[in-house]
Each structure stands twice: as C-alpha cells, then as structure tokens.
Amino acid sequence: MNTFDLVIMVTGASNEDYVGLALGSAKNRYCSRLHQLNDDVLYGSKILDANCWFCGSVLDGKGCKAINCLWTKSIILDVDYGKHGHKRQSPFPDCQSAMDHVYSQTLQPHIIWHTGHGIQLAFLLDENISFSDAHKTALYEKHKRGLNKIFRGDSTCSREHLFRMPCSMNIKPGCPPVRGEILRWEVPQ
C-alpha cells in the first residue's frame, strides 16, 4: 500500500497511460505517464515533499481539462475539517468528527487518506467508467454528487478535479506543513 498503488487503483491506469499531476500549485498542471510517476515517487524525487495533487481520471496526454479525461476507476470525495486552510467553512470541527461521520454511513470507502486539513475518500468501481459513454458518465456524475452530499464533501464533482497526493506535504500559508497519510486501505481482491 503506497502512493503509486493508490493512483493505479483509483484511476485504472497502466504504465503507458497518462495521469494528471500538479506540483507546488494546483495551477501547475501537467500530464505524466504512469511509469514516470512511479520513478519519481520511488527513486528520489522530492515530489512527496511538496504540495502535490493528482487527477482521479486517466488523461489523453494532450491536457488536464475535462475534455482530456478518458476514464476513471473510482469516485473520490474531498471532506474538509477544521477552520484553517480552506476557502469555505468546513462541515466538521476536527478529523475525528469527519471520520466518525464517514464510519456512520452504510456504504464505506475502500481507501481513505488524510491530507493534513481534510480526508479524501475513494470508492473503487467494478470497472473503468469511460467518459466517451454518455449514459455511464451521467450515472457516474449522479452517484458522485449523491455520495458527496451524504459524506458532506466539498465541490469535487468534476472529472478533472485534482486531489491531494497521498503521503505528500500539505503546505498552506498560515498553517504548519503537514504530511498526509493513508488511513484505510480495504481493497477488494
């Protein structure tokens, strides 16, 4: 269980597929082949020592917008807590209350990671959802909005949305730097 494995699980990407990343600032988006991300994470890059985000969808390699998203293998939600480091008021005062809310639900995420100022939840799907299939895309978006409401997530319903890279640093002005961590990993075999 590591950052690289998590990206594979949630995107459905294989070595030559493109994943979307941002380093330093969420505005610094770029595409990288999955095998390059593996090399960066495992072999000495400082990628996890900085603000780092990834897109939950596999990309076409031509950009990082919704039109460039090919498929995904999960629904990912972003649930904020606390008073610091957010643009909007958080629904939960602390991590424990956010986790208590998550664990009180009938449907449970397969993977949860702490971002330093929130938690992110991944619900793995049985198959990749191709965004070229209008019917499946509509169902995916409907279910993602529904889960977002139930789990009190923020507005992360777009397929090109960036999520905090698990185990990376969360560095925000006015807040002490915090390294994220994977809290739950219950992936079906």
Q.
Applying side chain to side chain contact (heavy atoms under 4.5 Å, CB included) to Y103 and I112, what does each step give before you reach the verdict?
A. CA-CA 11 Å; Y103 286 129; I112 301 173; 3.9 Å; yes
Q: Kindly indicate, with the supporting measurements, whether the criterion side chain to side chain contact (heavy atoms under 4.5 Å, CB included) is fulfilled by L183 and E181.
A: CA-CA 6 Å; L183 301 176; E181 64 179 316; 3.7 Å; yes
Q | Criterion side chain to side chain contact (heavy atoms under 4.5 Å, CB included) on M9 and K73, from CA distance to verdict | A | CA-CA 7 Å; M9 291 276 180; K73 181 88 171 158; over 6 Å; no
Q.
For W53 and M165: C-alpha separation, side-chain torsions, deciding distance, then whether side chain to side chain contact (heavy atoms under 4.5 Å, CB included) applies.
A. CA-CA 5 Å; W53 298 267; M165 184 73 76; 6.0 Å; no
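Under the 4.5 Å side-chain heavy-atom criterion for Ile, Leu, Val, Met, Phe, Trp and Tyr, L34 and I76 are members of the same hydrophobic cluster. In this structure, V178 is not a member of the same hydrophobic cluster as I182, with clusters built from ILVMFWY side-chain heavy atoms closer than 4.5 Å. No continuous path of hydrophobic side-chain contacts links I75 to L59 [ILVMFWY only; heavy atoms under 4.5 Å]. Under the 4.5 Å side-chain heavy-atom criterion for grouping Ile, Leu, Val, Met, Phe, Trp and Tyr, L125 is connected to L77 within one hydrophobic cluster.
Here CE of M169 is found 7.5 Å from CG of D49. Values are rounded to the nearest 0.5 Å. If you take CZ on F163 and CG on L121, they are separated by 9.5 Å, rounding to the nearest 0.5 Å. In this structure, CE in M99 is found 8.0 Å from CZ in R184, a value given to the nearest 0.5 Å. Here the CG atom belonging to N128 is positioned 9.5 Å from the OG atom belonging to S74, to the nearest 0.5 angstrom.
For the residue pair D94/S97, the side-chain donor-acceptor check at 3.5 Å is satisfied.
Surrounding CD1 of I67 are at most 12 heavy atoms belonging to other residues, nucleotides or ligands under 6.0 Å away.
Ring planes of Y81 and H114: parallel class, angle under 30° (limits at 30 and 60°). The aromatic rings of H101 and F92 sit tilted, their planes meeting at an angle between 30° and 60°.
Residues T3 and F54 fail the side-chain proximity criterion, which asks for heavy atoms closer than 4.5 Å. Residues P109 and F123 have side chains in contact (heavy-atom distance under 4.5 Å, counting atoms from C-beta outward). Proximity of L107 to L147: side-chain heavy atoms (C-beta onward) are separated by under 4.5 Å at one or more points.
With hydrogens and angles disregarded, a donor-acceptor distance shorter than 3.5 Å links the side chain of R33 to the backbone of E16.
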